[in-house]
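Each remark here refers to the structure printed beneath this line.
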Amino acid sequence: MKILILGANGFIGSHLSENILAKTDWQIFAMDLTEDKLGACLDHPRFHFTLGDMTQKTEWINEHIQQCDVVLPLVAVATPALYVQDPLRVFELDFEANLAVIRACVQYKTRVIFPSTSEVYGMCPDSEFDEEKSALVTGPINKERWIYSTSKQLMDRVIYAYGKHKELSYSLFRPFNWYGPRLDNVFNPKPGGSRVLTQFIGNILRGESINLVNGGAQQRCFTYVDDGIAALMRIIENKNNAAHNRIFNIGNPTENISIRQLAEKLLEMIGAHYPQYAAQAKAVKLLDVDAGKYYGEGYQDVSLRVPSIAVAKDVLNWQPAVDLDVGLRKTLDYYLG
Ligand code: UGA
């Protein structure tokens, strides 16, 4: 199989590339702006990498869409602070630039596996989000945080329509707070500069206080990246065409904790297992900060986000296997080890 991965140097792209090269005989054609997360992949004979901007190298992309069996367009802005600070960039990259890729997949009849997001459910009140039944609930236009959710949602709807009316073969996957090594840069000192786990690790490493937005009672289901990638591999394999034109929540419903608990757990783990940072962790304070002050007035939060994974269990025969404690230790080993 020949696979095209756009954004291969990202968190998901780099783990996926590594996994494919280790476990299959598939060929990867890949593009990204940077290559620092790709390590040994870069020298692998089945990894064909080109540095470049997806909005510029359209000819290269179209040629490869034509030649490959499946395309994973993983390029996106995925950090909430940026949804508020630069909403147009989110729309232009996450929606507009990716739409060109989807249209080329329609034109060349190439299968596409698109990263939707848990964020499409927004403030949905369901206790478990269901791919086919849950309402997608976002806030008013002046809450710019929702531009990511709605850009992704519109893309999901466009892809679904291309599947129904133009024979596009697709699968949509919705990661629920995947985490692990290579998530975001912990050395980015800007508040909100990265997703919550790497933000907190960076705070601890710099000896700063941890900011709990609106007190940190909001909950997330944290999903270890190896589990997420295992699901993605099954979607790509597409045994018996089972993943054809389906949507999959890929998350760990049992590892549902509040952001405050996450901060406390990290401090506890660092105190117990990383003696070089123990004193620093002990001195870290947990501060309750107002969301509007931390992110800006365009922010609104999700208080509960639990996936139903019945479809993934049923269709892919997949379920998460890595406990939060185990996944956090692996992540801390990577960042602090
Ligand atoms: C994330 C991002 O939108 C995407 O990466 C992704 O599509 C999706 O969720 C996902 O992975 O499922 P969110 O979980 O809100 O959204 O993003 P984080 O930045 O990881 O924040 C999680 C929670 O921690 C939020 O409630 C946020 O307010 C809080 N937080 C964040 C703090 O309390 N303190 C901080 O310093 C940073």
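When a ligand or atom number is given, it counts from 1 through the structure's own listing order. Nothing here was measured: the structure is a model prediction, and the numbers come from that model.
When hydrophobic residues (I, L, V, M, F, W, Y) are linked wherever their side-chain heavy atoms come within less than 4.5 Å, the members clustered with F176 are V120, Y121, F129, L136.
Pairs of residues two or more places apart, or lying in two chains, that qualify as salt bridge (charged side-chain N to carboxylate O under 4.0 Å, His left out) and include a residue from residues 100-123 are E119-R145, E119-R305. Each salt bridge (charged side-chain N to carboxylate O under 4.0 Å, His left out) pair with one or both residues in residues 229-253, not counting sequence neighbours, appears once here: E132-R246.
The 4.0 Å heavy-atom shell around ligand 1 contains residues A78, P80, Y83, T117, S118, E119, R145, Y148, P175, F176, N177, R195, V196, Q199, F200, N211, L212, V213, Q218, R220, I259, Y294, Y295, Y299, D301, R305, ordered by chain and number.
Under the 3.5 Å distance criterion, with hydrogens and angles disregarded, a donor-acceptor pair is assigned to the side chains of T254 and N252.
With respect to D156 and R174, a salt bridge is recorded, a charged nitrogen being found less than 4.0 Å from a carboxylate O.
A parallel orientation is assigned to the rings of F49 and F47, their planes being inclined by less than 30° (bins at 30° and 60°).
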